[in-house]
Amino acid sequence: MTSSAEPRRIIVGISGASGAVYGARLLQVLRELPAVESHLVVSGAGWRNLQHELDLEPPAVRALADVVHDLDNVGASIASGSFAAHAMVVAPCSMRTLAAIAHGLADNLLTRAADVTLKERRRLVLLARESPLHLVHLRNMATVTEMGAIVCPPMPAFYQRPTSVGEVVDHSVARVLDLLGLAHELAPRWQGLPPVGAAAYS
């Protein structure tokens, strides 16, 4: 149990699915929030996608997080349930990482931290990225949901009428922040449509 004086520690995992921008943008936003401490762990394929999709080299990514952990360091703080983390987000979450979490493999620090998050009954949010999905993907999603994780695919919200890729990304990151219970003003909230027949439709 953390005291009110301690920061909210959010673990961010970036795995090898397309969509590295979601993890990078989440780290940027967490830096701006008060009393939040981000802990980053990136898979080998995650580093490759950060460079390929965003032209971000490791030093630039590391600078976005408060603490960076090596994928192979299973003795890191975030590998223990006694480390007072608030929640973990895997953004993006590859199907390989999803499968490892679903089956409790804990074969590297990213999947071990996710396993710890589940066993300690803390919030685990997985931005699963794949399409189309086959049966094993779906079964693994059902399994992690039954274990207490939240599968949160980053779906574009066209009802907000986005005008840029950045707005699409920010909407998904905003939903993650909502799931973590972190206040933000990253994206507008839905206010509803006017009644049918209102002046807006005349």
Side-chain angles (χ1 to χ4, degrees), residues 8-31 33 36 38-54 56 61 64-65 69 71 78 85-103 108-118 122-134 136-158 160 162 164-182 184 186-187:
R8 283 193 170 191
R9 296 187 177 100
I10 307 297
I11 302 168
V12 177
I14 299 178
S15 66
S18 180
V21 65
Y22 293 107
R25 181 59 175 147
L26 177 60
L27 289 169
Q28 290 173 342
V29 174
L30 291 177
R31 285 181 64 188
L33 297 180
V36 171
S38 61
H39 286 252
L40 174 65
V41 57
V42 185
S43 73
W47 285 120
R48 186 168 185 176
N49 274 1
L50 283 160
Q51 196 284 325
H52 174 68
E53 297 181 355
L54 302 175
L56 285 177
V61 180
L64 297 176
H69 302 276
L71 184 71
I78 61 173
H86 174 69
M88 180 174 180
V89 182
V90 184
C93 181
S94 68
M95 291 299 103
R96 188 266 176 212
T97 296
L98 173 69
I101 295 170
H103 295 278
N108 58 48
L109 184 59
L110 196 162
T111 54
R112 168 61 185 171
D115 196 63
V116 167
T117 301
L118 289 173
R122 297 167 183 160
R123 181 143 290 187
L124 175 63
V125 181
L126 306 176
L127 273 67
R129 287 277 300 141
E130 190 59 271
S131 182
L133 300 167
H134 60 58
V136 171
H137 298 155
L138 296 169
R139 284 179 173 162
N140 286 338
M141 289 182 186
T143 297
V144 296
T145 300
E146 291 168 347
M147 295 162 69
I150 297 175
V151 179
C152 181
M155 301 292 190
F158 294 110
Q160 296 284 15
S164 68
V165 172
E167 289 182 1
V168 171
V169 171
D170 278 358
H171 177 86
S172 290
V173 173
R175 294 294 297 118
V176 171
L177 296 175
D178 287 344
L179 291 171
L180 299 180
L182 298 174
H184 65 89
L186 189 60

TODO: Calculate, to the nearest 0.5 Å, the distance between atoms CZ and NE2 belonging to R9 and H39 respectively.
DONE: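 Answer for the CZ-NE2 pair, R9 versus H39, is 5.5 Å.
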Open item on the list: Please report the interatomic distance OG1(T145) to CE(M147), rounded to the nearest 0.5 Å.
Closed with: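 Between atom OG1 of T145 and atom CE of M147 there are 10.0 Å.
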- [ ] Please check if the side chain of H86 supplies one atom and the backbone of L180 the other of a donor-acceptor pair under 3.5 Å.
- [x]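 At least one qualifying donor-acceptor pair exists.
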Task: Test log, rule side-chain contact (heavy atoms from CB on, under 4.5 Å), inputs N49 and L54 - done: CA-CA 8 Å; N49 274 1; L54 302 175; over 6 Å; no
Heavy-atom side-chain contact between [X] and [Y] under 4.5 Å:
X: P156; Y: H171; result: no
X: H69; Y: I78; result: yes
X: V61; Y: L40; result: yes
X: R96; Y: T111; result: yes
X: V168; Y: Q160; result: no
X: L182; Y: L30; result: yes

- [ ] Tell me, yes or no, whether the heavy-atom count around R175 atom CZ, taken from other residues, nucleotides or ligands under 6.0 Å, exceeds 12.
- [x]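 Result for CZ/R175: open.
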- [ ] Could you give me the CA-CA distance, side-chain angles and deciding distance for V136 and R139, then say whether side-chain contact (heavy atoms from CB on, under 4.5 Å) is met?
- [x] CA-CA 5 Å; V136 171; R139 284 179 173 162; 5.6 Å; no
Taking every non-hydrogen atom, the tightest pair across [X] and [Y]:
X: L98; Y: C93; value: N-SG, 3.8 Å
X: A128; Y: M141; value: CB-CE, 3.9 Å
X: A102; Y: T143; value: O-CG2, 3.5 Å
X: C152; Y: L179; value: SG-CD1, 4.0 Å
X: A24; Y: L50; value: CB-CD2, 4.4 Å
X: A91; Y: L127; value: CB-CD2, 3.9 Å

Task: Matching residue for I101 among T117, L118, D115 - test: side chain to side chain contact (heavy atoms under 4.5 Å, CB included) - done: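 Option passing the side chain to side chain contact (heavy atoms under 4.5 Å, CB included) with I101: L118.
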TODO: Let me see the working for V42 and L71 under side-chain contact (heavy atoms from CB on, under 4.5 Å), right down to the final yes or no.
DONE: CA-CA 6 Å; V42 185; L71 184 71; over 6 Å; no
Counting only pairs under 3.5 Å, give me each side-chain donor-acceptor contact of residues 10-22, with atom names and distances, residues two or more places apart or in other chains.
from, atom 1, to, atom 2, distance (Å)
S15, OG, P92, O, 2.7
S15, OG, S94, N, 2.8
S18, OG, E53, OE2, 2.9

Open item on the list: Let's go through R25 and Q28 carefully: what are the C-alpha distance in whole Å and the side-chain angles of both, what is the deciding distance for side chain to side chain donor-acceptor pair (under 3.5 Å) to 0.1 Å, and is it a yes or a no?
Closed with: CA-CA 5 Å; R25 181 59 175 147; Q28 290 173 342; 3.3 Å; yes
Open item on the list: Before you tell me yes or no, could you show the steps for L177 and L33 under side-chain contact (heavy atoms from CB on, under 4.5 Å), namely the whole-Å CA-CA distance, both residues' side-chain angles and the distance that decides it to 0.1 Å?
Closed with: CA-CA 10 Å; L177 296 175; L33 297 180; 4.2 Å; yes
